[in-house]
Peer 1: 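The structure follows.
Just so you know, these numbers use all the heavy atoms, side chains as well, and skip hydrogens, waters and symmetry mates. The first residue in the sequence is number 1, and the count goes up from there.
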Amino acid sequence: DNWYCDAWCPLRQALRSFAFDAMRSVEMSTETALNLSEEQLNQHFNASYGIFSGAPIATAALRFLLPNARYVAQEIWHPEQIGTWQQDGSYILHIPYSHAAEIKMDILRHGAKVQVLSPAALRAEIQQECREMQTYYTENSP
């Protein structure tokens with residue numbers, strides 16, 4: 001549903017993914033384009049999860065419960081993911097990521113059918129998000 005442009009960012013002096021819907025203006029440049037090899041591009045853009053590219057900062061270990069486990073086991077979240085079925089029918093998925101924002105959204109869409117096993121920082125972020133969400137669903141909330 002969203003389009004991105006992978007390009008060199010002169011401000012950050014690094015490769016970045018730019019969302020077309022967030023662009024406010026575009027202008028032509030007379031500078032020579034930076035020519036990177038396919039290997040360099042793949043190393044940067046395929047190393048981590050989602051649109052947030054770059055070297056992974058961590059690997060998430062996520063435990064999915066049935067029935068979600070069946071669907072997650074068939075999905076490709078990342079080219080280097082590792083998934084294993086457990087005897088209790090749950091599915092543990094290991095995914096490298098470089099930024100927590102997108103993986104958090106995917107975790108939260110599974111609600112109570114997923115548990116973050118590690119890393120502790122990601123687990124804490126999900127716990128905090130759930131606490132904040134809970135304030136909207138108490139008996140006294142509008």
Peer 1: Side-chain contact test, heavy atoms from C-beta onward, threshold under 4.5 Å: evaluate it for Ile76 versus His78 and give yes or no.
Peer 2: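 No, side chains not in contact.
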
Peer 1: How close do Pro119 and Ala58 get, heavy atom to heavy atom, and via which atoms?
Peer 2: CG-CB, 4.0 Å

Peer 1: Taking CD in Glu38 as the centre, count heavy atoms belonging to other residues, nucleotides or ligands within less than 6.0 Å. Is the count above 12?
Peer 2: no

Peer 1: For the CD1 atom of Ile126 and the CD1 atom of Ile107, what is their distance to the nearest 0.5 Å?
Peer 2: 4.5 Å

Peer 1: Do the side chains of Met133 and Glu129 get nearer than 4.5 Å, heavy atoms only?
Peer 2: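 Glu129 reaches Met133 side chain to side chain.
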
Peer 1: Given Val72 and Gln74, is the side chain to side chain contact (heavy atoms under 4.5 Å, CB included) satisfied, shown in steps?
Peer 2: CA-CA 5 Å; Val72 170; Gln74 296 175 17; over 6 Å; no

Peer 1: Could you see if Tyr71 belongs to whatever hydrophobic cluster contains Leu62? Use Ile, Leu, Val, Met, Phe, Trp, Tyr and a side-chain cutoff under 4.5 Å.
Peer 2: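 No; tracing contacts between hydrophobic side chains, which count when under 4.5 Å, never links both residues.
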
Peer 1: Check whether Gln13 reaches the backbone of Trp8 with its side chain - one donor and one acceptor, N or O, closer than 3.5 Å.
Peer 2: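 No.
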
Peer 1: So do Lys104 and Glu125 actually touch side chain to side chain, heavy atoms under 4.5 Å?
Peer 2: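 In contact.
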
Peer 1: Flag the pair Leu65 / Val114 as yes when at least one side-chain heavy-atom distance between them is below 4.5 Å, and no otherwise.
Peer 2: no

Peer 1: Quick one: closest heavy-atom pair of Gly89 and Ala69, and the distance?
Peer 2: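 Between these two residues, the closest heavy atoms are O-CB, 3.9 Å.
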
Peer 1: Start with the C-alpha distance between Gln134 and Arg131, add both sets of side-chain angles, then the distance that settles side-chain hydrogen bond (donor to acceptor under 3.5 Å, both in side chains), and finish with yes or no.
Peer 2: CA-CA 5 Å; Gln134 191 173 11; Arg131 281 192 289 275; over 6 Å; no

Peer 1: Which distance, rounded to the nearest 0.5 Å, do you find between the CG of Leu122 and the CD1 of Ile103?
Peer 2: 6.0 Å

Peer 1: Kindly state each residue pair satisfying side-chain hydrogen bond (donor to acceptor under 3.5 Å, both in side chains) with at least one member in residues 111-123, sequence neighbours excluded.
Peer 2: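 Sorted pair list: Arg63-Gln115.
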
Peer 1: Taking atom CD as the centre, does Gln128 end up with more than 12 heavy-atom neighbours from other residues, nucleotides or ligands that are less than 6.0 angstrom away?
Peer 2: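 Yes, because the 6.0 Å sphere around CD of Gln128 holds more than 12 heavy atoms from other groups.
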
Peer 1: Does anything in residues 20-34 pair up under side-chain hydrogen bond (donor to acceptor under 3.5 Å, both in side chains), and if so which pairs, sequence neighbours excluded?
Peer 2: none

Peer 1: Can you confirm whether Cys5 sits close enough to Met23 that some side-chain heavy atom of one is under 4.5 Å from a side-chain heavy atom of the other?
Peer 2: yes

Peer 1: For residues Ile92 and Leu117, determine if any side-chain heavy atom of one lies less than 4.5 Å from a side-chain heavy atom of the other.
Peer 2: yes

Peer 1: Could you report the tightest heavy-atom contact between Phe18 and Cys9, atom names first, then the distance?
Peer 2: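 Distance-wise, the nearest heavy atoms are CZ-CB, 3.7 Å.
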
Peer 1: Who passes ring pair (Phe, Tyr, Trp, His ring centres under 6.0 Å) against Trp85, sequence neighbours left out?
Peer 2: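 With neighbours one apart ignored, the set is Tyr91.
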
Peer 1: If you take the centroid of each ring, where Trp contributes its six-membered ring, are Phe64 and Trp77 closer together than 6.0 Å?
Peer 2: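 Ring centres of Phe64 and Trp77 closer than 6.0 Å.
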
Peer 1: Please report the interatomic distance CG(Asp106) to CD1(Ile95), rounded to the nearest 0.5 Å.
Peer 2: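 Asp106 CG to Ile95 CD1: 8.0 Å, rounded to 0.5 Å.
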
